[in-house]
Engineer: 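Structure in structure tokens, see below.
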Amino acid sequence: MSLWTSSISFARPSDFVPTFLRLAVLLSGIIIALSLLRRTPQDKAGNVVPPGPKGFPVLGVFLYLSKYPELSLHKWAKQYGSIYSFMIGDQRFVILSDPNVVKDILVTNGAIFSSRKEMFLKVQTILVHRGITASGYNETWRKHRRIAAKILTARAVATYTPAIEFEAKEMIRTLLVDGKAGAAAINPQPYASRFALNNNGHLRHPHRIHGVRPSRQGGATYLARVHQLIYHSPSLARNVTGAVSNAVDFFPLLRRFPNRMTSRAKKLHQDILDFNSPYLADIEARLKRGDDVPDCQAKTLLLTREEEELDDLDIIIMCGTLIIGGVETTASIQQWFAAHIAGCPDIQEKAQAELDRVCGRDRLPNADDEKDLPYLRAIAKEVARFHNPFWLGTPHMSTEDFAYRGSFIPKDTVVIGNTWTMHRDPMRHPDPYTFNPDRYANDKTPSADSAHLPDVMERDHWSFGIGRRICPGVILAEREVFLGLAHMLWAFKIAPIPGVPIDLKEYDGVSGCSPVPFVVRLTPRDASVAEVLGL
Ligand code: HEM
């Protein structure tokens, strides 16, 4: 029987017990402290582990990273320089904050720095050692990444582009209707989430949703599950998969006791199974019947399962990984764009002048226009620089001892590229705390290519990660973000609601971030908006 026709059940979640946890932390601490006493953080040549903040006994710096961890990393980068280290529990971290150091270590020495820590929640519990994002640097990862790469090439993305253009049109059409043509305040976040989810759906196993709120969907199982994933799982995912967000990953003794994070992780694993299994079963049945199934990830995986030796869990988790990796990230950029641009009427006007020059007012922008809309592209890059959805990225892990300019990085060290500091380096980005798309005015290089420029100081930004684990979805993500932004700016004047400020600092999540809920006024720029949208 296929896994997607059965179900996996876990123990019932139990409540978090603070006193129990405190005791457990204490016990873990004693064990860790004893083991640390035996460690010598230097190699035979005398290279030492780079200095950094000490934090608390046992806990290390864990408590400093529970909220806005990137700000702590930034503060320490100023204090300790471009390479420093700290401990959380028994795990050593090295933080790299200079683009050249990042390149030397994570790119040039990618053979040593491309693995992942076996996080208890993300790797062992949610993704059960499958998927691409969580796997160690091994043959399974190579195989899964190669398969995913096939559906994320520029050529493949070109085939999804009409669907993305359709979804972008749907996004602005529903925003126009639900926002009562500018008469009502509206939160664009669920619309951006639906845009990202439907784009992702097209490549995973073609399905789309129509509404943006669960209550409007009635009882349809598919829609209920989609909304579960949009509205609940991403935030759960963020909280249980963050690079430094939970004690259970770093204090092993805690895993012996019932706790909320482990329960959430098991639930998310089950959600991934429940959500993907019926559609995989459906596509498998259609393929067996000889039906004409559109190209998609599920079809590719099912047709190559024997040749690639994939089991059911491989297939389900790979589909799940694409949702987790591809939806909330692109949705987050769209959301930050809307939140930020509302306060920048001058930037909107400049972008709209460019759009009107290239597309006119009788048609919507499309992917072919991108090359002629450099200011639009610059806005997309500036949003990613200013509001990276993952400031800590997905940490890499070293698989061998390594020495670099007198610093010793032991095997099994978690290594993080400190994107907050790099994105705010005044040498690379003058006046870094100002949102200014003009800084990318002459940057015509797509992010996928920018990551491979010989001079790393020319790279646009680091939001898509680093080295051999760099985001394989970057071409698709750029296409989605560009089309989403272009449609929004073509259609609307985006303005804040007087007396209702938009919080650009506060955000949801501790690993990935999107803005806290906000509202804007979306006024159609002229009568042609409704006409072109067929309203
Ligand atoms: C704006 C949108 C996106 C951002 C900012 C983003 C960012 C990232 C980052 C920072 C990583 C970790 C890279 C590293 O380890 O150095 C990553 C990995 C990954 N991303 Fe994305 N991503 C985006 C969109 C997508 C999309 C659209 C997909 C696919 C549909 C995707 C699939 C993946 C996968 C599978 C990995 C794991 C790669 C590996 O471990 O080898 N991402 N992404």
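Values below: every heavy atom of this structure, side chains too, minus hydrogens, waters and symmetry copies. Whatever order the structure lists ligands and atoms in, that order sets their numbers, starting from 1.
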Engineer: Tell me which protein heavy atom sits closest to atom 24 (C) of ligand 1, plus the residue, atom name and distance to 0.1 Å.
Structural biologist: Thr329 OG1, 3.5 Å
Engineer: Should the ring pair His387 and Trp336 be called parallel, tilted or perpendicular, given that the plane angle runs from 0 to 90° and is split at 30 and 60?
Structural biologist: parallel
Engineer: By number and element, which atoms of ligand 1 are closer than 4.0 Å to a non-hydrogen atom of Thr330?
Structural biologist: 1 (C), 2 (C)
Engineer: Are any of the heavy atoms in Trp462 under 4.0 Å away from ligand 1?
Structural biologist: no
Engineer: Compare all side-chain heavy atoms of Leu106 with those of Arg469 and state whether any distance is below 4.5 angstrom.
Structural biologist: no
Engineer: For atom 41 (O) of ligand 1, which of the options Arg468, Glu480, Arg145 provides the nearest non-hydrogen atom?
Structural biologist: Arg145
Engineer: Under the criterion salt bridge (charged side-chain N to carboxylate O under 4.0 Å, His left out), I'd like the reasoning laid out for Asp460 against Lys381: C-alpha separation, chi angles, the key distance, then a yes or no.
Structural biologist: CA-CA 7 Å; Asp460 51 4; Lys381 284 182 189 259; 2.6 Å; yes
Engineer: To which of Arg469, His387, Glu328 does the heavy atom nearest atom 39 (C) of ligand 1 belong?
Structural biologist: Arg469
Engineer: So, does Ala148 sit close enough to ligand 1 that a heavy atom of it is under 4.0 Å from the ligand?
Structural biologist: no
Engineer: Which residue and non-hydrogen atom of the protein lie closest to atom 29 (C) of ligand 1, and at what distance in Å?
Structural biologist: Leu322 CD2, 3.8 Å
Engineer: As a check for students: among Cys471, Ala477, Ser463, identify the option with a heavy atom nearest to atom 10 (C) of ligand 1.
Structural biologist: Ser463
Engineer: Can a cation-pi geometry be assigned to Arg424 and Tyr433, taking NZ or CZ under 6.0 Å from the six-membered ring centre and within 45° of the ring axis?
Structural biologist: yes
Engineer: Evaluate the ring planes of Tyr404 and Phe402, with Trp represented by its six-membered ring, and classify them as parallel (under 30°), tilted (30 to 60°) or perpendicular (over 60°).
Structural biologist: parallel
Engineer: For the residue pair Asn418 / Ser97, report whether a side-chain donor-acceptor contact shorter than 3.5 Å exists.
Structural biologist: yes
Engineer: Which atoms from ligand 1 have a heavy atom of Gly326 less than 4.0 Å away?
Structural biologist: 25 (C), 26 (C), 27 (C), 28 (C)
Engineer: May I ask you to establish whether Lys505 and Tyr68 are in a cation-pi arrangement, using a distance under 6.0 Å from NZ or CZ to the six-membered ring centre and at most 45° from the ring axis?
Structural biologist: yes
Engineer: Looking only at non-hydrogen atoms, which of Gln297, His396, His144, Arg116 approaches atom 16 (O) of ligand 1 most closely?
Structural biologist: His396
Engineer: Just to be sure I read this right, does ligand 1 sit under 4.0 Å from the backbone of Ile333, its side chain, both, or neither, counting only heavy atoms?
Structural biologist: side chain
Engineer: Just to be sure I'm reading this right: ignoring hydrogens, which of Gly325, Pro472, Gly473 gets closest to atom 34 (C) of ligand 1? Compare them by their nearest heavy atoms.
Structural biologist: Pro472
Engineer: NZ of Lys299 to OG1 of Thr304: how many Å apart, nearest 0.5 Å?
Structural biologist: 12.0 Å
Engineer: Quick check: His340 with Phe435 (ring centres under 6.0 Å apart)?
Structural biologist: yes
Engineer: Where is the nearest protein heavy atom to atom 12 (C) of ligand 1: which residue, which atom, and how far?
Structural biologist: Thr394 OG1, 3.4 Å
